[in-house]
Each structure stands twice: as C-alpha cells, then as structure tokens.
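Numbers here simply count residues along the sequence, with the first being 1.
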Amino acid sequence: MIKSIILIFITWIGFVNYSYSQTTDKEFLQNEIPKEQVYLHINSSLLLSGEKLLYKFYCVNADSQKLSMLSKIGWVVLVNSDQEEVFKHKLNLENGQAYSDFFIPSSLPSGAYKILGYTSWMLNAEKYYFEQDIHILNPYQQSNKGLVSKDTIETVKEEIKPQTSNEFSLSLNKNSFSKREEVVLSVDNLKEVSGDFSISVRKTDGFDKPNRVKSIDYFEIYSNKAWNFSDNFILPEVRGSFFKGKISGVNNQTFQSSNLITSIPGEQSQVNIVSVDENGEFNFTVNESTAVDEILFQLSDYDKDDFSVELYKGISPDYSKLDFVKPPKVLINLKDSILDKSINNQIENAFSATKADQTLFTADESYFFSNELTIYNLDDYKRFKGVSETFVEIIKSGRVEKNKDDTYSIFVRNKNFNGQFTLPALLIVDGVVVQEHSKLISFPAERIQSIGLLTKKTFFGPQTFQGVVAVETKEADFPEEFRDTYMKSANIITAQSPKQYYSPDYKNEDLDRIPDYRYQLWWNPYVDIESNKSLNFFTSDLSGEFEVELEGFTKDGKPVSIRKVFSVD
C-alpha cells in the first residue's frame with residue numbers, strides 16, 4: 001500500500017513545478033503521504049575535545065513505526081546555545097537508515113549543544129524534528145565560560161541500568177573481563193526476530209550529563225505536534241538531493257529558448273538538463289551520492305558571460321525555538337578524571353593512523369545510458385598524438401568535422417539506420433557537458449583514458465541528441481582547459497561517506513606495542529542479529545565499568561532498547 005502511495009506521489013509531483021509556493025491539494029498531502037519521524041542513536045551525551053560523536057539515523061513512518069521508504073535524504077545538525085550551526089550533515093538514506101560521526105575539535109568551546117535529526121518532509125510541521133541535548137567539555141581552553149564548576153551537583157546523572165526487551169535479549173560470556181580480553185556478546189532470541197539495530201559499547205563515568213533519548217520513548221518528542229501545511233510547503237526528497245535556484249542577468253527570451261545544463265565534475269557522472277521558467281527559476285534532483293561539492297551550470301547554445309546562477313539555500317529548522325539545557329556542571333573532584341581522559345584521548349589520536357576508520361567508497365555511478373556505450377580504452381590501442389587522429393584510426397563509429405568558422409564538431413554513426421547523424425553529438429567530459437567540441441580536439445590525447453560512444457538518438461531531459469560522446473580523462477577531474485566563463489559554479493553539501501569503524505582484533509593483530517586507551521570500545525551502526533548469533537569485541541587498557549547499549553526497530557516497527565553492564569579489572 002505504501003509503495004502504491006509513493007508511486008502515486010512521484011507521478012503527481014511529475015506534473016507540478018517543484019516550487020515551495022505551488023498551490024497543491026493539501027488534503028491529499030495531509031492524508032495520503034506518509035509522515036516521517038527521526039530517531040538518532042548517539043554514543044554519548046557528553047563528549048570531550050578529541051572524541052567522536054557517533055550517531056545512527058533512523059527514519060520511521062510515523063503511523064506504522066516501520067522504517068520509512070519515502071525520503072532518500074536525511075539531515076543531522078549540531079547547534080550551539082547561540083543557535084549557530086556547528087556542523088550540518090547530509091545523509092543518503094538506504095531503507096530509512098544512515099550513520100556518520102563528528103570529531104570534536106579543540107576549537108569547539110565547552111557548553112550545551114543540541115543535535116537535531118530530520119528530513120525535509122518533516123519541516124512542514126513546527127518543531128517536528130528529533131532533538132537531543134549534548135554537553136561538550138573542552139579542557140584545553142583557559143576560559144571555559146560554557147561550564148560551571150561545583151563542589152556538589154544536585155542534578156540527576158544520566159540513568160544507567162540494565163534494560164531488557166520482550167523481542168530478544170543480549171548476554172555476555174561473563175560479567176568481568178581483563179584488559180585486552182575478548183568479549184562475546186550473544187543474541188538470545190525469544191522468538192524469530194529481524195530488524196535494524198545499532199550497538200555502542202562505552203566506558204561509563206561520573207559526569208553529570210543529559211539523559212539520552214531511547215528508541216522505546218523517542219516518539220514522545222513528536223507528541224502534540226501537528227502537520228499544518230501552508231502555501232509554502234516543502235516536498236520530500238523522494239529521488240535524491242533536491243535543488244532549486246534562479247538565473248539572473250539575461251533577458252527572458254534567453255530563459256525561454258535555452259535549457260540549463262547542470263553537471264557535477266569528476267568520476268561520478270551527474271548530468272541534468274532542465275527547463276527554466278519565465279522567472280528564470282529551475283529545479284533538479286541529484287539521484288546518487290557524489291564526493292564533489294561543486295556543480296557547474298551553463299545555458300544550452302549560449303556562450304556569453306552575462307548571467308549568474310544562484311542555488312537557493314535549503315530550509316532548516318527554526319533554531320530560535322530551541323530550548324537549551326543549562327551549561328554543563330562539573331564536580332571539582334573530577335578534575336583528575338578529566339585530565340586523565342584528555343591525555344588518553346591525545347594518545348589515541350596520536351595513533352590514529354594505526355587505528356584509522358575505513359571509508360567505504362561507493363562504486364562510481366555511470367551514465368543512465370552506460371550499458372549501451374561502446375567504450376574505447378585508449379591504452380588498449382596504439383596511441384596517437386591528436387584526438388582527430390584517434391577518431392580516424394580507432395573510433396570508427398565517430399568522426400570529427402571542421403566547420404566553416406574553423407571550429408570542430410564531433411558526430412557519431414546512427415546504428416539503427418547504418419548512417420551518419422547530421423547533428424553533432426552530446427559531448428561529456430568527466431561528467432560535464434562540453435558545448436565547444438573544439439576544446440576536446442585541442443586536448444592532448446595522451447591525457448585521455450577512454451572515449452565512449454552512444455550511437456543512437458538520446459533523450460536527455462527536455463532535449464534530444466543525435467548520439468553521445470563520453471570522455472574520461474586519466475585524472476577524471478574535468479581539466480581546466482574545458483572550463484569557460486559561461487560555466488557558472490556553485491558549492492553544495494555532499495553526503496557523508498559510510499565507514500567501517502576500527503575495532504582491534506588482539507587474536508590476529510600484533511598490537512603489543514600500541515597503547516589502547518579507548519573509551520569507546522565498539523560502535524556498530526548495522527548489527528545483523530539474524531546471522532550473527534554472537535558479536536565480538538575487545539576491551540582496552542582501561543579498567544572500570546562499561547555499558548553495552550543496543551537501539552533500533554524490528555521489521556514490525558517495534559522499538560528495542562537494551563542495556564548491559566560489565567566491568568574490566
């Protein structure tokens with residue numbers, strides 16, 4: 001049923017302009033499109049400089065409590081008590097989930113902060129976002145105005161006690177461990193259960209800190225908050241990152257006669273050709289993740305530098321409505337504990353190269369027509385000095401013609417009718433449309449890795465092209481030789497890259513000479529309880545009490561929150 005509604009919704013938005021001020025059927029939006037909620041599982045609500053704030057993002061259907069399949073983009077923001085953004089992360093959601101982290105720098109002052117999680121769709125309701133209070137302690141700053149020192153603290157510390165679930169349970173192979181010993185965490189299903197979960201294992205401490213929101217009670221954040229759509233409603237990002245902007249500085253006739261070409265340079269091929277309305281406004285969606293934070297714009301068949309392109313800033317929550325807790329209160333007798341923790345964090349960071357997290361790069365996305373491209377890898381052939389010679393000797397289905405004005409155009413053969421197309425092909429170099437084919441002809445062929453040809457008529461947005469020539473340079477970075485003044489540039493927020501977080505394996509790694517002062521023993525944002533009946537990690541060189549914390553949701557939409565405590569001697 002939900003898939004059908006989403007399909008209807010996607011079809012519906014295909015017939016309207018993606019405008020924040022578009023008149024719409026509010027009753028349809030209000031009643032038929034699933035509402036969303038976000039829950040963030042964080043590793044701690046109090047962090048020192050040099051530590052990592054780790055989080056798992058769960059996007060949930062507000063009615064079924066199952067993970068939402070609607071939004072493909074999530075947002076996480078850390079805000080200080082002055083309502084300023086410390087960071088803003090964009091997340092690519094897969095089955096309603098994502099995760100990332102933020103390293104607490106020594107430049108960030110002590111104080112009270114809030115971490116917010118939301119999707120664009122959720123911003124249609126006032127204060128409809130996940131929020132969690134966080135305290136940050138910076139022992140490296142002489143003036144710590146953001147915290148209060150106390151001989152005694154009357155407030156209640158974050159409650160930590162064993163917690164169970166009716167769905168399944170966790171058990172440890174024992175309750176007390178030695179340093180650098182393997183801990184075996186077993187999943188004991190009371191019944192067959194599947195779902196999506198995250199686990200944090202972290203040392204407890206005596207600091208006063210805000211209580212963390214658990215999955216079993218996170219929905220209370222959204223109680224008594226209504227969805228009241230106004231004329232300025234916000235559409236969900238159902239296909240990827242949504243962008244809207246405006247062209248200024250050229251006449252309306254140019255707007256009407258030219259389409260806007262948007263390209264993200266580099267290996268990840270993100271090309272869009274979109275229409276521009278009578279007001280110069282446009283919109284487009286980037287469907288896949290990209291590591292490049294630049295978008296290039298150009299008007300089709302227009303080579304004058306007399307216009308500018310503005311991307312509208314995305315809508316954010318109203319930070320002025322945030323209610324911050326009081327500044328962190330620190331017991332004076334915990335001064336030595338703070339000093340020890342700061343030193344241990346510095347040692348851990350000094351060995352960060354040995355204990356580095358591994359960034360998981362997604363496969364480079366190809367063009368939508370890539371399966372039909374005939375690729376010529378030039379290293380497989382005799383190399384020729386010029387591009388024209390390369391086409392003559394190697395690329396038989398394409399040709400280079402010199403025009404009357406001494407410029408050049410590239411054509412391809414029409415495979416469907418066994419003849420030449422009469423109009424130049426669409427030329428793409430490293431993911432960017434190049435309208436002046438002469439630039440490729442003058443480019444050194446030795447710097448080209450491959451040339452691909454699509455030998456049939458191609459529909460690209462509102463335009464039709466007689467074939468495509470897709471060029472990849474050896475550096476795949478869209479060389480400066482192809483840039484021109486009529487190409488306008490804008491920066492975007494790129495999505496966070498997934499990681500495999502480091503966890504030592506003392507059974508198989510030689511780490512005897514490497515110190516281990518980890519407070520965060522383990523962080524696993526995707527725990528597969530179905531195939532992993534036991535989960536393993538190792539203690540560090542620190543003694544004390546540690547907490548195992550599991551959060552998440554079953555496939556049936558039931559929240560699960562489990563706590564286990566063990567000690568290290």
Side-chain angles (χ1 to χ4, degrees), residues 257-263 265 269-274 296 298-304 366-474 476 478-479 481-484 486-487:
S257 61
S258 297
N259 294 311
L260 185 68
I261 304 170
T262 72
S263 309
S269 310
Q270 303 282 317
V271 178
N272 284 281
I273 300 178
V274 298
L296 293 177
Q298 51 189 311
L299 290 168
S300 62
D301 302 318
Y302 195 82
D303 60 0
K304 296 180 181 179
S366 53
Y367 304 101
F368 68 86
F369 48 77
S370 61
N371 292 336
E372 300 178 88
L373 280 177
T374 301
I375 304 293
Y376 297 88
N377 190 327
L378 300 192
D379 286 340
D380 296 338
Y381 303 87
K382 177 184 175 181
R383 282 280 184 173
F384 294 91
K385 184 177 181 180
V387 172
S388 294
E389 296 173 90
T390 301
F391 268 83
V392 171
E393 300 295 337
I394 298 175
I395 304 172
K396 303 300 183 181
S397 296
R399 74 183 193 278
V400 177
E401 288 190 4
K402 189 173 184 179
N403 303 314
K404 292 182 180 180
D405 60 356
D406 291 331
T407 61
Y408 291 88
S409 296
I410 301 173
F411 297 79
V412 300
R413 180 179 295 276
N414 184 351
K415 71 173 183 178
N416 293 331
F417 296 97
N418 196 28
Q420 298 287 356
F421 279 125
T422 58
L423 295 178
L426 173 67
L427 175 61
I428 303 175
V429 177
D430 290 340
V432 180
V433 173
V434 176
Q435 300 189 77
E436 295 183 42
H437 291 192
S438 297
K439 288 183 177 294
L440 179 64
I441 303 307
S442 61
F443 190 73
E446 63 184 10
R447 294 172 60 187
I448 296 176
Q449 182 63 42
S450 66
I451 299 177
L453 265 65
L454 179 67
T455 56
K456 72 172 190 177
K457 187 178 293 186
T458 304
F459 299 93
F460 215 128
Q463 289 188 239
T464 304
F465 295 94
Q466 293 187 351
V468 178
V469 176
V471 177
E472 181 181 336
T473 67
K474 288 193 171 182
F478 190 63
E481 289 91 331
F482 293 102
R483 293 177 180 257
D484 214 321
Y486 59 79
M487 291 184 179

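No side-chain heavy atom of Gln449 sits less than 4.5 Å from a side-chain heavy atom of Thr473. Glu401 is listed as a side-chain neighbour of Phe411, based on a closest heavy-atom distance under 4.5 Å. For the pair Val471/Ile448, a side-chain contact is recorded, criterion being any heavy-atom separation below 4.5 Å from C-beta on. Looking only at side-chain heavy atoms (C-beta outward), Pro265 and Asp430 stay at 4.5 Å or farther from each other. Residues Met487 and Phe478 are in side-chain contact: their nearest non-hydrogen atoms beyond the backbone lie under 4.5 Å apart. A heavy-atom distance below 4.5 Å is not found between the side chains of Leu296 and Thr262. You'll find the side chain of Val392 stays beyond 4.5 Å of the side chain of Val400, heavy atoms only. In this structure, Glu436 and Asp484 have side chains that are in contact, with non-hydrogen atoms separated by less than 4.5 Å.
Here the side chain of Ser438 pairs a donor or acceptor atom with the backbone of Tyr408 at under 3.5 angstrom. Using modelled atom types, one side-chain atom of His437 and one backbone atom of Ile410 make a donor-acceptor pair closer than 3.5 Å. Between the side chain of Asn377 and the backbone N or O of Asp379, at least one donor-acceptor pair lies under 3.5 Å. In terms of modelled atom types and a separation under 3.5 Å, the side chain of Gln466 and the main chain of Leu423 share a donor-acceptor contact. Under a 3.5 Å cut-off, the side chain of Gln298 and the backbone N or O of Asp303 do not form any donor-acceptor pair. Between the side chain of Ser258 and the main chain of Ser300, a donor-acceptor pair closer than 3.5 Å is present. When atom types are taken as modelled, the side chain of Arg413 and the backbone of Arg399 share no donor-acceptor pair closer than 3.5 angstrom. Formation of a donor-acceptor pair under 3.5 Å by the Thr407 side chain with backbone atoms of Asn403 is not found in this model. Formation of a donor-acceptor pair under 3.5 Å by the Glu389 side chain with backbone atoms of Gly386 is found in this model.
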Walk me through it: do Leu299 and Ile261 pass the test side-chain contact (heavy atoms from CB on, under 4.5 Å)? CA-CA 6 Å; Leu299 290 168; Ile261 304 170; over 6 Å; no
Determine, stepwise, if the pair Ile395 / Leu453 fulfils side-chain contact (heavy atoms from CB on, under 4.5 Å). CA-CA 9 Å; Ile395 304 172; Leu453 265 65; 3.6 Å; yes
For Gln435 and Tyr486, run side-chain contact (heavy atoms from CB on, under 4.5 Å): C-alpha distance rounded to whole Å, both residues' side-chain angles, the deciding distance at 0.1 Å, then the answer. CA-CA 11 Å; Gln435 300 189 77; Tyr486 59 79; 4.2 Å; yes
Could you give me the CA-CA distance, side-chain angles and deciding distance for Val469 and Ile451, then say whether side-chain contact (heavy atoms from CB on, under 4.5 Å) is met? CA-CA 7 Å; Val469 176; Ile451 299 177; 3.9 Å; yes
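The two atoms that bring Val412 and Leu454 nearest to each other are CG2-O, 3.8 Å, heavy atoms only. Across all non-hydrogen atoms, the minimal contact from Leu440 to Val387 is O-CG2, 3.2 Å. Between Arg383 and Lys474, the shortest heavy-atom distance links the atoms NH2-CE, 3.5 Å. The minimum heavy-atom distance linking Leu373 with Ala470 is given by the pair CD1-CB, 4.3 Å. Counting all heavy atoms, side chain and backbone alike, Lys456 lies closest to Glu372 at NZ-OE1, 2.7 Å. Nearest approach of Ala445 to Leu378, heavy atoms of both residues: O-CD1, 4.2 Å.
In this structure, Lys457 places its NZ atom where only 12 or fewer heavy-atom neighbours from other residues, nucleotides or ligands lie under 6.0 Å away. At most 12 non-hydrogen atoms from other residues, nucleotides or ligands lie less than 6.0 angstrom from NZ of Lys304.
Using a 30° and 60° split on the angle between ring planes, Tyr376 and Tyr381 fall in the tilted class, from 30° to 60°.
A centroid separation of less than 6.0 Å is found between the aromatic rings of Phe443 and Phe482.
To the nearest 0.5 Å, atom CG of residue Asn259 and atom OH of residue Tyr302 are 14.5 Å apart. Arg483 contributes atom CZ, which lies 11.0 Å from atom CD of Glu481 (distance to the nearest 0.5 angstrom). Annotation: the span from Gln270 atom CD to Asn272 atom CG amounts to 7.5 Å, rounded to 0.5 Å.
Residues meeting the side chain to side chain donor-acceptor pair (under 3.5 Å) test with Glu393, sequence neighbours left out: none.
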